[in-house]
Protein chains: 2
Amino acid sequence: MAAPQKAHAKKKFMEFLGGKSLRITSQRQAIIDTVFNTEEHFTAEQLLEWSRKLDKSVSRATVYRTLPLLTESGLVHEMDFGKDCKVYDPNYADHPNHNHIICQDCEKIVEFDSEKIEQLEGEISHRLGFSVKTHRLQITGSCDELKKLGACKKKSSC
Amino acid sequence: MAAPQKAHAKKKFMEFLGGKSLRITSQRQAIIDTVFNTEEHFTAEQLLEWSRKLDKSVSRATVYRTLPLLTESGLVHEMDFGKDCKVYDPNYADHPNHNHIICQDCEKIVEFDSEKIEQLEGEISHRLGFSVKTHRLQITGSCDELKKLGACKKKSSC
DNA sequence: ATCAATGCAAATAATTTGCAAAAAG
DNA sequence: CTTTTTGCAAATTATTTGCATTGAT
């Protein structure tokens, strides 16, 4: 269950680095291993913390310098959930068009795909004279847990 | 063309303030008049600038203290278009569920409604065990101007 | 050797806040 | 009078950057 997931994405990112003659240092390796070993969204601060478990020498600056590379590669997306800090989503290699639904109470995030919505987006955009490059759909609401148990535990990342 | 639009929204916001026994000072009045007189999205800095044309004494702090009231009332929404600063949208009184399509080059923003998408969102959310509270759909792409003229002028707010 | 990458600490930039003075009810 | 609001300037917070040093190729 903990074995290296997203091996494909990791490899792709290494190639991305190579293509720009950027080096794979031990710090970057730790960051990459962390990113492509989780399905969870994370903040810069969390990534720092997690990466340091693999390599104590990872600094905040290096995390902040690596994040733009990850997003530029398209394998990680920068998200905004209305918090003060940015959140990063490592699941775009598998599901390049996925959407998010977030519980307003516990901040649980569920990802889903919808071809129908995608298609409608395309039609409407075309009608308005746009050709679609990216789309981002976020729904917020209450999750089952809240309805059943009366409350779901709050979380907060930054 | 310049006459007070959104008179209804403005009135609603005044009532919202009254309900919380908050006062309508001259500075707040200038800010409110500005907000409900435009269809455009704006940043805190722009709101400050525009409000000062109505009342020189409006300060940055007051703008920043008034914005949360505007969003709390639901008449203005805080948006995030991946820029460093937040953008505010004053068009939610008329179209409470509208979506955005943004040109990646000139940052032109077009708003649109889609009942079909809304319905799909509801169905999917329900299937995933969520009841929808809000939804936010942003599409980015290239606008006609770019395709026809080869380029559309870039803009940047912050 | 050469050029990229690092950690550190200082710098940014948007937003927030403490406080004493001013204004509203 | 009492309570809210203001402007100012200082504080906060996430993120970025300059620089001298270290590490990869």
Rounded interatomic separation in angstrom, taking [atom1] from [X] and [atom2] from [N]:
X: A:Leu22; N: C:dT2; atom1: CG; atom2: C1'; answer: 15 Å
X: B:Asp84; N: D:dT13; atom1: CG; atom2: P; answer: 19 Å
X: B:Lys56; N: D:dT6; atom1: NZ; atom2: P; answer: 18 Å
X: B:Met14; N: C:dG25; atom1: CE; atom2: P; answer: 12 Å
X: B:Leu67; N: C:dA14; atom1: CG; atom2: P; answer: 14 Å
X: A:Glu49; N: D:dA14; atom1: CD; atom2: P; answer: 14 Å
X: B:Lys83; N: C:dT15; atom1: NZ; atom2: C1'; answer: 17 Å
X: B:Asp55; N: D:dT5; atom1: CG; atom2: C1'; answer: 13 Å

Other than A:Tyr92, what residues sit in its cluster of Ile, Leu, Val, Met, Phe, Trp and Tyr side chains whose heavy atoms are under 4.5 Å apart, directly or through others?
A:Met79, A:Phe81, A:Val87, A:Ile102, A:Ile109

Report the distance from atom CZ of A:Arg60 to atom CZ of A:Arg52, rounding to the nearest 0.5 Å.
6.0 Å

What protein N or O atoms touch nucleotides 16-22 of chain D N or O atoms at under 3.5 angstrom, if any, and at what distances?
residue: D:dG18; atom: O6; partner: A:Arg65; partner atom: NH1; Å: 3.4

Mind listing the residues from residues 23-31 of chain A sitting with a heavy atom below 4.0 Å of DNA chain D? Number order is fine.
A:Arg23

Determine whether the interatomic SG-SG distance for B:Cys158 and B:Cys85 falls below 2.5 angstrom.
yes

Taking distance alone, no hydrogens or angles, what donor-acceptor pairs closer than 3.5 Å link side-chain atoms of residues 61-68 of chain A to residues at least two apart or in another chain?
residue: A:Thr62; atom: OG1; partner: A:Ser59; partner atom: OG; Å: 3.3
residue: A:Thr66; atom: OG1; partner: A:Thr62; partner atom: O; Å: 2.7

Over 12 non-hydrogen atoms of neighbours within 6.0 angstrom of NZ in B:Lys133
yes

Counting heavy atoms not belonging to B:Lys108, are there more than 12 under 6.0 Å from its NZ?
yes

Contact residues, residues 41-48 of chain B to DNA chain C [heavy atom, < 4.0 Å]
B:Ala44

So, do B:Asp55 and B:Asp33 sit near enough that their side-chain heavy atoms are less than 4.5 Å apart?
no

Residues passing the side-chain contact (heavy atoms from CB on, under 4.5 Å) test with B:Leu120, sequence neighbours excluded, are A:Lys116, A:Ile117, A:Leu120, B:Glu123

Which of these, B:His95, B:His41, B:His135, B:His77, sits in a ring-ring contact (aromatic ring centres under 6.0 Å, His included) with B:His100?
B:His41

Could you tell me if A:Lys6 and A:Asn91 have a donor-acceptor pair between their side chains, going purely by distance under 3.5 Å?
yes

Contact class for A:Val58 vs. all strands (heavy atom < 4.0 Å): base, sugar-phosphate, or nothing?
sugar-phosphate

Kindly assign one of parallel, tilted or perpendicular to the pair A:Phe13 and A:Phe16, based on the angle between their ring planes and the thresholds 30° and 60°.
parallel

